[in-house]
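Worksheet for the structure shown next.
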There are 2 protein chains.
Amino acid sequence: MSDLEVRQLRYFVAVAEELHFGRAADRLGMAQPPLSRAIREIERQLGVTLLERTTRRVTLTSAGEVLLRDARTALDAVTAAGRRAMHAGRPEPTLRLAMKADYDGGLLPQILAAYRTEPAALPLEFVLGGRDQQEPALRDGRADIALLPRPFDDRGLDVEPLLTEPRLLAVAAADPLTAHERLHLADLKGRFLPDGRAADREDLPPVRTTGPGADGRPARQPRQLDLAQIFNLVELGDSVWFPPVSVVRRHPRPGIVHRPVVDLPPLELALAWPQESRSPAVAAFVRTACEVAATAQVTATATSTATAT
Amino acid sequence: MSDLEVRQLRYFVAVAEELHFGRAADRLGMAQPPLSRAIREIERQLGVTLLERTTRRVTLTSAGEVLLRDARTALDAVTAAGRRAMHAGRPEPTLRLAMKADYDGGLLPQILAAYRTEPAALPLEFVLGGRDQQEPALRDGRADIALLPRPFDDRGLDVEPLLTEPRLLAVAAADPLTAHERLHLADLKGRFLPDGRAADREDLPPVRTTGPGADGRPARQPRQLDLAQIFNLVELGDSVWFPPVSVVRRHPRPGIVHRPVVDLPPLELALAWPQESRSPAVAAFVRTACEVAATAQVTATATSTATAT
DNA sequence: ATCACTCATACCTCCACGGTATCAGTGGTG
DNA sequence: CACCACTGATACCGTGGAGGTATGAGTGAT
């Protein structure tokens, strides 16, 4: 009845994800037999069957599904403990802010300026990464706080909404859609976003593979696109996009035209940080950022409707 | 840069709590030298000093404080992973409800009756324990859901308020306080609750040691008192108490008199469960309990003011 | 019926974790 | 001021368990 070890959790997660002992062992950099033994030992310790195995198929039992989810969060917690301690022990501590480049509502300069005047402020460090890297970075201790668009998985995180920013439709200048001054989502049926999601149903997972792909073999999962790539796809007419107004303002581009979409939900940016955090630097940043956003929101909404190109 | 092991986390927590390698080693059931080496190895892995040690004193560095907190939550997460999987693999799964005996607002029978009619319902199992055992039980996987009074540390937990129940003053029948029909908290200055907290400031930590204590040596931390013990202390005039009305109704006691206290905050009972939980049995229980509480609350408030003895 | 694939078993090796003995600072005390 | 008790660090050793290799055995496709 003693605790599992981190090694055991890692082994189980690998097998549960691959559903194949050989590949899992490969991924773990070890041979298959000791992995089989290790999994069996976990099952013996817990007194539970985690995997149904034949020589042809490996499937998770319901107990295995439970363990897979909990093992992931436990591993994150262990990683986070080490990383946070490592960071806290540095001679010059910093506040690590995870964000996606340009997704700051244009407020970052003001927030930073205001934050630096705080007595509890620490020097800032930026953890740039794709949207899907931000929650993990918070959870495993790579970042202290994140600025990220909603919705996101906020389990284990404290959240403070920061600002709401309208988004526009970005489309190639030659596109027939530009004939309308105002659009509805329904007008975008059959169009796709750069990551392959349907433009009129961005809540659904990607349905189109993106990228060059012309080489014949099916393109793999949509990889992280940077702004330049996105702009190219839009300008070429391959995709449309929904940039927030601050991005439009910051990156004017002749070949791309913007139009308001009346039923397009706005971008909601929020701050998130680990619940355990009792760091005064985090608290000061949250307070400062909220104040800046609150005052800026007023002026922003007053001018935003006039900026549609 | 690899993860710490559970063993290392346990060792560090022991030393950080004892601030003494010898005692920590003793607690861990091992000799002191390997423990010293293990801690040094953790510091080497992280590249950080966790403990300042002389041969006379051991103190935590700031990095050590960070690791102590995060290591505790990580260890809880690991324990929870194992326990939840163990429980999920049982042939007859159950829903384990953590609660403090009698702190159910008198609704538990109705809630259980309603719950059993749910299609997603599982057989219930009760995890009885003191108030301070309930959050840990959720966090380390001994319980699936808890019924507990607010406020509590809800980090990592999802919470649903269930009901608000007035509390009364319970006092010995011979006490002069019984002369008043209605009281204020200020009238209770100098009185103590059974656990040693000041009756007029129950938000503060205990200031009086309780229990027999007459043996001369100072009584240790207030241990968990059961209802019978509490009633005894109250009846003897040693303490006053703030039972919720459902407890008063369920346990009438001749030597104890109850009075309303106008500025005494009511008892707020809430349901809490781990955020990771996606169990339909938990969801069904929450929904059912909330429905029962909502309908019962109406009738309860209508009669509660008339029940003051 | 055969074959390719994959998980389990058997056996071996070695490292790292823990134990014992001892050293080396530190702070209190007569 | 010298001595002593206390406590963490170091040195050295033994063993259990984690991982590797070779191989068996069951399963599903052709």
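Keep in mind that what you see is a predicted model, and the values were worked out from it rather than measured. By convention in this document, chain letters (A, B, ...) are assigned in the order of the sequence lines, proteins followed by strands, and residues within each chain are numbered from 1.
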message: Can you tell me how far apart CG (B:Leu124) and CG (B:Asp144) are? Round to the nearest 0.5 Å.
response: 9.5 Å
query: A:Asp158: what forms a salt bridge (Lys or Arg N to Asp or Glu O under 4.0 Å) with it, not counting sequence neighbours?
result: none
task: Please state how far atom CD1 in A:Ile39 lies from atom C1' in C:dA8, giving the value in whole angstrom units.
output: 13 Å
Under 3.5 Å, which protein N or O atoms sit close to an N or O of nucleotides 17-20 of chain D? Give each pair with its distance.
from: D:dA18; atom 1: O5'; to: A:Arg7; atom 2: NH2; distance (Å): 3.4
from: D:dG19; atom 1: OP1; to: A:Tyr11; atom 2: OH; distance (Å): 2.4
from: D:dG19; atom 1: OP2; to: A:Tyr11; atom 2: OH; distance (Å): 3.4
from: D:dG19; atom 1: N7; to: A:Arg37; atom 2: NH2; distance (Å): 2.3
from: D:dG20; atom 1: OP2; to: A:Ala31; atom 2: N; distance (Å): 2.7

query: Between B:Glu52 and B:Arg57, is the closest basic N to carboxylate O distance under 4.0 Å?
result: no
message: Going by side chain to side chain donor-acceptor pair (under 3.5 Å), name the pairs with one or both residues in residues 27-41 of chain A, residues two or more places apart or in two chains.
response: A:Glu17-A:Arg27, A:Glu18-A:Arg27, A:Gln32-A:Ser36, A:Glu41-A:Arg44, A:Glu41-A:Gln45
- request: Please state how far atom CG in A:Leu35 lies from atom C1' in D:dT21, giving the value in whole angstrom units.
  value: 16 Å
Phosphate contact (D:dA9 OP1 or OP2) by B:Ser36 side-chain N/O below 4.0 Å: yes
Lys/Arg-Asp/Glu bridge criterion (N-O < 4.0 Å) met for B:Asp153, B:Arg139: yes
- prompt: Does B:Asp140 come within less than 4.0 Å of B:Arg83, counting only side-chain N to carboxylate O?
  reply: yes
- request: Quickly work out the B:Gln8 CD to C:dA16 C1' distance and round it to whole Å.
  value: 12 Å
query: When rounded to the nearest 0.5 angstrom, what distance separates CG in B:Leu46 from CZ in A:Arg90?
result: 13.5 Å
query: Between B:Arg10 and A:Asp3, is there a side-chain N and carboxylate O pair less than 4.0 Å apart?
result: yes
task: Answer yes when B:Glu276 and B:Arg84 have at least one side-chain N-carboxylate O distance shorter than 4.0 Å, and no when they do not.
output: yes
- request: Report the C-alpha separation of A:Glu125 and A:Arg142 in whole Å, then their side-chain angles, then the decisive distance to 0.1 Å, and conclude whether the salt bridge (charged side-chain N to carboxylate O under 4.0 Å, His left out) test is met.
  value: CA-CA 11 Å; A:Glu125 199 172 327; A:Arg142 275 173 294 167; over 6 Å; no
Pair B:Arg72 + B:Asp70, salt bridge at N-O below 4.0 Å: no
message: Could you check whether any side-chain N or O of B:Thr61 sits under 3.5 Å from a backbone N or O of B:Thr49, counting only pairs where one atom can act as donor and the other as acceptor?
response: yes
message: In dot-bracket form, 5' to 3', how is DNA chain D paired? Count Watson-Crick and G-U wobble pairs only if both distances fall under 3.5 Å, and write | where the partner sits on another strand.
response: ||||||||||||||||||||||||||||||
Please list, for nucleotides 26-30 of chain C, all pairs of protein and nucleotide N/O atoms separated by less than 3.5 Å.
from: C:dT26; atom 1: O4'; to: B:Thr55; atom 2: OG1; distance (Å): 2.7

field: Separation of C:dC17 P from A:Glu5 CD (nearest whole Å)
entry: 10 Å
- request: Supply the atom-to-atom distance B:Leu122 CG to B:Phe285 CZ, rounded to the nearest 0.5 angstrom.
  value: 11.5 Å
message: Would you say B:Arg40 places a side-chain N or O within less than 4.0 Å of OP1 or OP2 belonging to D:dT10?
response: yes
- prompt: Once you round it to whole Å, what is the distance between P of C:dC17 and CZ of B:Arg10?
  reply: 13 Å
query: Does anything in residues 14-28 of chain B reach DNA chain C, meaning a heavy atom under 4.0 Å, and if so which residues?
result: none
message: When you measure from the side-chain N and O atoms of B:Arg53 to the phosphate of D:dT7, is any distance below 4.0 Å, counting only OP1 and OP2?
response: no
